[in-house]
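Below is one structure, written out as structure tokens, with a few remarks after it.
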4 protein chains.
Amino acid sequence: MAFDLRISTGSSTPIFRQIIDQVRLAVATARLKEGDALASVRALAEQLVVNPNTVAKAYAELARDGVIATHQGKGVFIAARRPIYTSAERLRRLEPALDDLVREAIALGFSTDDVQKLVQTHFRKMAGRKDGES
Amino acid sequence: MAFDLRISTGSSTPIFRQIIDQVRLAVATARLKEGDALASVRALAEQLVVNPNTVAKAYAELARDGVIATHQGKGVFIAARRPIYTSAERLRRLEPALDDLVREAIALGFSTDDVQKLVQTHFRKMAGRKDGES
Amino acid sequence: MAFDLRISTGSSTPIFRQIIDQVRLAVATARLKEGDALASVRALAEQLVVNPNTVAKAYAELARDGVIATHQGKGVFIAARRPIYTSAERLRRLEPALDDLVREAIALGFSTDDVQKLVQTHFRKMAGRKDGES
Amino acid sequence: MAFDLRISTGSSTPIFRQIIDQVRLAVATARLKEGDALASVRALAEQLVVNPNTVAKAYAELARDGVIATHQGKGVFIAARRPIYTSAERLRRLEPALDDLVREAIALGFSTDDVQKLVQTHFRKMAGRKDGES
DNA sequence: GTGGTCTAGACCACT
DNA sequence: GTGGTCTAGACCACC
């Protein structure tokens, strides 16, 4: 198996969101490439011990966003990468996470410099790692 | 009034969380100090035009975390400063937000540089403002 | 009620898609404007005699596309209009319908001119009509 | 071979539908005439690298609609031309596709002019090609 | 076998 | 009251 998905049921982020995030990240970091097959809805549901509908919901959103393409009766595949959001929209979608981080950082007494360095190291870590380290 | 709270109903972060965050932030930046009085549950609810239950929920969490102390019949006050976190602990608390941001950013196709610049401008915007303008 | 939604259960287009289409169209033709409230998930489900999940699915997609904004505990509202797709993506999303129409038109022996005129009259009809005529 | 069928797996329209559409189109444009032979189910399945069931399903629908006739042991042939539709009937058959296109176009923010131009270019592309290149 | 849709009913978070 | 998530189980279309 080329790609190992892991979810944590105890987390506050919903399972379907965890699936989406991991697939998107894997695609963005080229761990998954165009044409690669993903586990089928039923197979992944069984593997993660969740309801097939939960997996289907995640796959549906990924398909709507053009990350994957589902082929009836054949399975799910990574689609060609293409920019679908305007730059204003991309910014708008990043903003909540940005707000969260900065608010938290200020409350904890970090400086701009501190945070920028942390962002850089995190970027390297996530873009670089090859597989399932938490 | 020493401290002016502002919430934005249109935001995706719940109102009770906004209240909590702003109080914590004001304490962290010394805009609120030990012994300062906060508006009562009913007064704040009226001022913000939200349900009193929402304010009560926020105050309950702040009290639970030792940020404020409610003195029956007298009102709500900022509690003694909490012990300072070790730097490892501060980092640990920042990690989830950091993870979130970097993951989103990579998925949306932002570069390290992009994000660092965005962090800086957001930092200025939030640290500079004197009270919670959205 | 400012806006009257109608679905047909016999149709091959899924119910949730019919809901999405009608809301998008109403927004695009200014029959629904920023800030207007939509029927609640449960209310609409009851009105259309479908499962609340079906309505929720439609609302979720509309929210993801920035057409509506859902506010926990308060309801669903029309969001500010903003372009979220790149022009290439907009074209890509129109293409299937375009293909369908042209293929059908050719098979039925229509000329380019015929179709262009039909497109124009249909455009006027849909953009102009104020309420639920099929 | 008088007629060269091409399908695109990547498309959202099912393969069996693509086969049907292409045969109907070829008949409507007189590229296929009464009595012309089509490839057998097994031959076509092998040629297109699809499941024979898929081809059989397409041929079944074409036979049901009187477009082709299968002569046991001899093969599949184009049937006598169907009675020409009245112009009202032709319009009625085009309407669903027309509705779909215009609705999508409005929702995506295209103007009448945009769509008319797109219709024209699509028309040229499809009418001009001699056989089904995606 | 595959994914897509819908129903029924549960639990939770927020107001 | 509101919407969000998840489960369980059904039916359909496509390959």
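Quick caveat, the model's predicted, so the values are computed rather than measured. Note on naming: letters A, B, ... go to the chains in the order of the sequence lines (proteins, then strands), and numbering restarts at 1 for each one.
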Among [options], which is the nearest nucleotide to the side chain of [X]?
X: A:Asn53; options: E:dT15, E:dC6, E:dG4; value: E:dC6
X: A:Arg42; options: F:dG4, E:dT2, E:dT7; value: E:dT2
X: C:Asn51; options: E:dT5, E:dA8, E:dT2; value: E:dA8

SB check [X] [Y] (cutoff 4.0 Å):
X: D:Glu104; Y: C:Arg24; value: no
X: A:Arg92; Y: A:Glu89; value: yes
X: A:Arg64; Y: C:Asp65; value: yes

Whole angstrom is fine here: how far is it from [atom1] in [X] over to [atom2] in [N]?
X: B:Ile20; N: E:dA13; atom1: CD1; atom2: P; value: 14 Å
X: C:Glu46; N: E:dT7; atom1: CD; atom2: P; value: 14 Å
X: C:Leu48; N: E:dT7; atom1: CG; atom2: C1'; value: 15 Å
X: A:Glu61; N: F:dG4; atom1: CD; atom2: C1'; value: 13 Å
X: A:Ile7; N: F:dT5; atom1: CD1; atom2: P; value: 15 Å
X: D:Ile19; N: F:dC14; atom1: CD1; atom2: P; value: 12 Å
X: B:Tyr59; N: E:dT15; atom1: OH; atom2: P; value: 16 Å

Within the structure, does a side-chain N or O atom of [X] lie under 4.0 Å from either OP1 or OP2 of [N]?
X: A:Lys57; N: F:dT5; result: yes
X: C:Ser40; N: F:dG1; result: no
X: C:Thr54; N: E:dT5; result: no
X: A:Lys74; N: E:dG3; result: no

- [ ] Give D:Phe16 one of three labels, base, sugar-phosphate or nothing, depending on what nucleic acid heavy atoms sit under 4.0 Å from its own.
- [x]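 D:Phe16: backbone/sugar contact only, no base atoms under 4.0 Å.
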- [ ] If F:dG9 has a Watson-Crick or G-U wobble mate with both distances under 3.5 Å, name it; if not, just say none.
- [x]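 Check on F:dG9: paired to E:dC6, both distances under 3.5 Å.
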Open item on the list: On DNA chain E, compare the nucleotides closest to C:Val49 and B:Arg17; which residue's is nearer the 5' end?
Closed with: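 Result: C:Val49.
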Open item on the list: Just verifying a value: how many Å separate D:Ile78 CD1 and D:Leu32 CG, rounded to the nearest 0.5 Å?
Closed with: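 Going from the CD1 atom of D:Ile78 to the CG atom of D:Leu32 covers 4.5 Å.
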Open item on the list: Closest-nucleotide mapping onto DNA chain F: is A:Gln72 or C:Ala39 further toward the 5' terminus? I mean the 5' end.
Closed with: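 Residue closer to the 5' terminus by nearest nucleotide: C:Ala39.
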Open item on the list: I want to confirm an ordering. Mapping C:Val76 and A:Ile15 to their closest nucleotides on DNA chain F, which one lands closer to the 5' end?
Closed with: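 Closest to the 5' end, via its nearest nucleotide, is C:Val76.
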Open item on the list: So does C:Ser8 get a backbone contact from the side chain of C:Gln18, meaning a donor-acceptor N/O pair under 3.5 Å?
Closed with: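 Side chain of C:Gln18 to backbone of C:Ser8: a pair is present.
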